[in-house]
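Chain identifiers are assigned alphabetically (A, B, ...) following the order of the sequence lines, protein sequences preceding nucleic acid strands; residue numbering begins at 1 within each chain.
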Amino acid sequence: MSQMLSQADAQKLLADVMNDAYPDERGRFGPFGGRYVPETLVPAIERLQSGVERYLHDADFLAAFHAELNSWVGRPTPLTYAPTLSKQWGAEIWLKREDLAHTGAHKINNAVGQVLLAKRLGAKRVIAETGAGQHGVAAAAACARLGMPCTVYMGSIDMERQAPNVGRMRLLGATVVPVTSGDQTLRAAVDEALRDWVSDPNGTYYCLGSAVGPHPYPYLVRELQSVIGREAREQILAATGRLPNWVVACVGGGSNAIGLFHPFVKDRDVAMLGVEAGGTGSGLGENAASLAYGRPGVLQGSYSLLLQDDDGQVRETHSISAGLDYPAVGPEHALLMSIGRVKYETVNDDEALAALAECCAAEGILPALESSHALAGAKRLARAHPGATVLVGLSGRGDKDMPTLQRTLLKDAP
Amino acid sequence: MAARDSIGKAIEQAHARGEPALVAYITAGFPKREAFRDLLGAVASAVDLIEVGVPFTDPMADGATIQRSNRAALEQGVTLKWILSELKAFSSQAPSSPRAPVLLMSYLNPLLACGLDRLPDDAARAGVAGFIVPDLPYEECAEMRSALDARGLALVQFVTPVTPTDRVRMLSQNSTGFLYAVTMTGTTGKNVAVPPEVLEYFARVRKLSPVPVCAGFGIRSREQVERLAPYVDGVIVGSALVEVLERGEDPVAFLRSLRVQSAQPVLS
């Protein structure tokens with residue numbers, strides 16, 4: 001993408017980013033983003049937009065949000081120094097511990113914020129989509145906590161792959177609806193949730209789980225997840241007296257990454273690395289790396305980079321990590337890449353598994369397979385920049401990945 | 001005459017016969033890719049306008065039926081390029097064969113992949129009169145609109161029962177060909193009872209709209225068409241027709257059964 005922008009354009013966009021110009025009033029992040037929804041959804045999106053404008057920076061709303069984050073989610077999450085990984089990899093490694101947030105991943109920050117917003121907008125029910133099940137569990141938990149009925153759409157293939165999370169959602173009171181259309185994974189679940197929302201735009205609130213979709217979702221999710229980066233920035237300053245050289249996060253749709261990156265964007269001396277799922281190779285269908293291998297297009301309401309064929313058909317993706325298995329990426333990441341503010345690389349399935357094993361053995365932490373992509377990226381940085389301070393977003397815990405780990409890392413274990 | 005003017009003309013002709021224009025949706029290449037042109041000819045003999053659906057992997061405004069037909073067409077390798085070449089061949093068939101103006105119904109991404117620099121020319125050459133793009137709301141359509149305008153092609157806008165009056169006015173003034181008035185909030189394919197408030201909505205839309213108003217989503221029976229007839233300029237039948245094709249039944253017989261004046265022979 002960067003080759004598509006002239007240097008002057010890229011510099012202007014970078015200056016705009018530094019001035020908090022995005023999203024603009026059309027919901028654009030530079031050329032990316034927007035609001036590509038059927039007319040049937042326009043009133044619902046406009047209601048959401050006015051709710052976001054009214055409540056997202058309202059003192060009472062923020063007090064309620066932070067009260068739930070502190071007393072129920074367990075924030076702030078710690079910033080943990082990783083002495084053994086630091087020694088092994090040759091750099092100073094710090095881990096932002098979203099794995100210790102309630103329900104086991106960063107997804108809960110967004111879910112609790114959006115369900116609070118749904119209540120203020122007078123919604124009667126909340127719907128959500130889920131891939132690996134983490135956002136579904138977070139939405140189900142937030143709805144239980146705040147007294148809202150919850151329906152979660154989940155691809156039937158994912159329901160099989162992530163059976164324990166289906167049970168968790170049901171225990172938390174949610175109705176889980178299997179999606180048998182399309183590719184029967186996350187993308188089809190988003191399509192189905194949108195169809196549900198179209199059918200009842202007044203009474204239903206759609207709690208979207210990543211920084212994707214039509215405006216204002218990429219903005220709303222970024223604002224709710226930015227608590228990760230704000231805490232991490234303060235914590236690393238308190239611990240080391242300076243900002244890190246690098247901040248690293250994994251990118252699927254990109255919600256944990258944008259939450260961690262956003263508060264560091266204006267710190268010009270802090271370099272950032274987003275790590276996409278390289279899967280098993282660079283061919284279409286072998287990975288889920290939209291920034292590395294995608295081309296611009298419109299999917300599910302937003303103009304961004306997509307894994308698509310020459311005819312504009314969106315392709316199925318592959319990653320060992322279900323949470324990164326999505327053929328598009330949040331529009332703000334597409335912008336941050338095109339102007340060079342954030343560097344994006346891919347890590348393949350095997351590298352992610354190896355990093356997961358190293359983190360377990362060295363630090364006594366089982367990271368999610370998604371987060372293990374960030375760890376593998378950090379390891380690569382450490383090798384290239386010995387002695388650097390590297391802050392890694394550990395977006396979730398890996399308990400949910402045990403079935404995959406049994407089939408891979410543990411397959412020869414006695 | 002601009003290509004898009006054929007749309008209004010076809011609707012007027014139906015009006016002159018005393019009935020709403022019948023608009024049929026088919027997914028290109030469904031059920032059988034090799035039978036596409038034959039099906040097009042058969043459907044053209046029974047309706048006033050044809051919407052040819054470009055299949056897409058993520059048809060988010062469509063219900064289960066059209067999702068299935070999209071998938072089946074994609075599995076047979078149907079692409080926009082192929083559709084345009086088939087339409088071109090169809091429009092150059094013998095002039096005695098039945099004709100109805102063709103609109104392409106496509107989600108935005110396949111059109112972007114073709115490129116807005118090429119699309120209007122290629123479509124015009126294939127005899128296409130206009131476009132319906134369900135995931136391109138008015139606020140995002142400026143570039144597409146001017147590209148299609150330059151070749152005299154229509155870009156149809158949608159309104160729904162929950163669209164505020166000011167927005168109905170704005171959308172209808174900016175719609176070309178006709179205005180697509182959705183019968184209900186929701187996706188395509190459900191059955192619609194057509195309650196009185198829906199008729200009021202159509203009456204209100206038609207009063208505001210400078211272009212003909214066609215009702216779509218959930219239309220499957222002559223009773224519905226008869227009830228809607230005094231309030232709209234055309235009715236669009238999609239999922240019900242796709243289901244007829246799925247069952248292997250005769251699409252022409254089904255489409256004729258929807259005609260308000262179905263006792264009379266249909267002009268083609």
Side-chain angles (χ1 to χ4, degrees), chain A residues 25-28 33-47 179-184 186-204 213-215 295-304 306-316 327-328, chain B residues 54-64 66-68 70-71 74 77-83 106-115 133-142 156-164 167-168 171 175 179-190 217:
Chain A
E25 69 284 351
R26 292 183 59 216
R28 295 269 170 180
R35 203 180 75 175
Y36 294 90
V37 296
E39 184 61 31
T40 42
L41 266 186
V42 168
I45 287 275
E46 280 179 352
R47 188 172 317 108
V179 178
T180 54
S181 58
D183 64 0
Q184 303 178 40
L186 176 59
R187 173 158 61 102
V190 173
D191 284 333
E192 212 49 43
L194 287 168
R195 291 185 187 110
D196 178 322
W197 198 24
V198 167
S199 305
D200 176 27
N202 288 318
T204 297
H215 180 66
R295 283 177 296 131
V298 168
L299 179 71
Q300 295 175 337
S302 182
Y303 181 70
S304 186
L306 313 181
L307 293 169
Q308 57 180 321
D309 65 19
D310 290 343
D311 296 305
Q313 304 296 343
V314 182
R315 297 302 290 264
E316 287 171 23
Chain B
V54 178
F56 184 47
T57 42
D58 291 74
M60 69 159 147
D62 285 298
I66 293 178
Q67 290 175 45
R68 277 197 306 276
N70 273 246
R71 202 171 173 80
L74 288 172
V78 171
T79 64
L80 177 57
K81 264 186 227 114
W82 177 82
I83 294 168
S106 178
Y107 286 85
L108 182 57
N109 204 52
L111 305 181
L112 293 179
C114 170
V133 188
D135 60 344
L136 185 64
Y138 178 72
E139 285 72 12
E140 302 284 1
C141 84
V156 170
Q157 301 290 338
F158 287 81
V159 297
T160 83
V162 293
T163 308
R167 192 169 168 85
V168 171
L171 291 169
S175 196
L179 179 66
Y180 196 130
V182 171
T183 53
M184 55 172 177
T185 55
T187 52
T188 56
K190 291 170 190 157
F217 283 31

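- Neither the backbone nor the side chain of R68(B) comes within contact range of chain A; no heavy atoms are under 4.5 Å apart.
- Contact of P164(B) with chain A is not made at all, since no heavy-atom distance falls under 4.5 Å.
- For D183(A), the part lying near chain B is the backbone, with the side chain staying farther off; criterion is any non-hydrogen pair under 4.5 Å.
- Taking CG from L112(B) and CZ from R295(A), the interatomic distance works out to 11.0 Å, rounded to the nearest 0.5 Å.
- Annotation: side chain of F158(B) is not in contact with side chain of T40(A) (no heavy-atom distance under 4.5 Å).
- Between the side chain of Q300(A) and the backbone N or O of M60(B) there is no donor-acceptor pair closer than 3.5 Å.
- Here the CZ-CG distance, from R195(A) to D62(B), works out to 7.5 Å after rounding to the nearest 0.5 Å.
- Smallest separation of non-hydrogen atoms from P55(B) and Q313(A): O-NE2, 2.9 Å.
- Heavy atoms closer than 4.5 Å to chain A are found nowhere in L111(B), neither backbone nor side chain.
- With a 4.5 angstrom heavy-atom cutoff, R315(A) does not touch chain B via any of its atoms.
- Surrounding CG of D309(A) are more than 12 heavy atoms belonging to other residues, nucleotides or ligands, all under 6.0 Å away.
- The line from CG of D58(B) to CD of Q308(A) is 11.0 Å long, rounded to the nearest 0.5 Å.
- Taking chain A as the reference chain and counting heavy-atom pairs below 4.5 Å, the highest number among L136(B), L74(B), V159(B) is found for L74(B).
- Proximity to chain B is limited to the side chain of P43(A), based on heavy atoms less than 4.5 angstrom apart.
- Of the two parts of Q67(B), only the side chain, counted from C-beta on, holds a non-hydrogen atom closer than 4.5 Å to a non-hydrogen atom of chain A.
- Counting heavy atoms from C-beta outward, V42(A) and R167(B) have side chains that approach closer than 4.5 Å.
- You'll find the side chain of N109(B) reaches within 4.5 Å of the side chain of L306(A), heavy atoms only.
- Two residues are said to be in side-chain contact when any heavy atoms from C-beta on lie closer than 4.5 Å; D135(B) and V37(A) fail this criterion.
- In this structure the side chain of L80(B) never reaches within 4.5 angstrom of the side chain of D311(A), judged on heavy atoms.
- Proximity to chain A (any heavy atom under 4.5 Å) is shown, for P137(B), by both the backbone and the side chain.
- E140(B) has its side chain within reach of R35(A): a pair of non-hydrogen atoms, C-beta onward, lies under 4.5 Å apart.
- Contact annotation for V314(A): both backbone and side-chain heavy atoms come within less than 4.5 Å of a heavy atom of chain B.
- Heavy atoms closer than 4.5 Å to chain B are found nowhere in L41(A), neither backbone nor side chain.
- T57(B) has its side chain within reach of R187(A): a pair of non-hydrogen atoms, C-beta onward, lies under 4.5 Å apart.
- E39(A) places no side-chain N or O within 3.5 Å of a backbone atom of Q157(B) that could act as its donor or acceptor partner.
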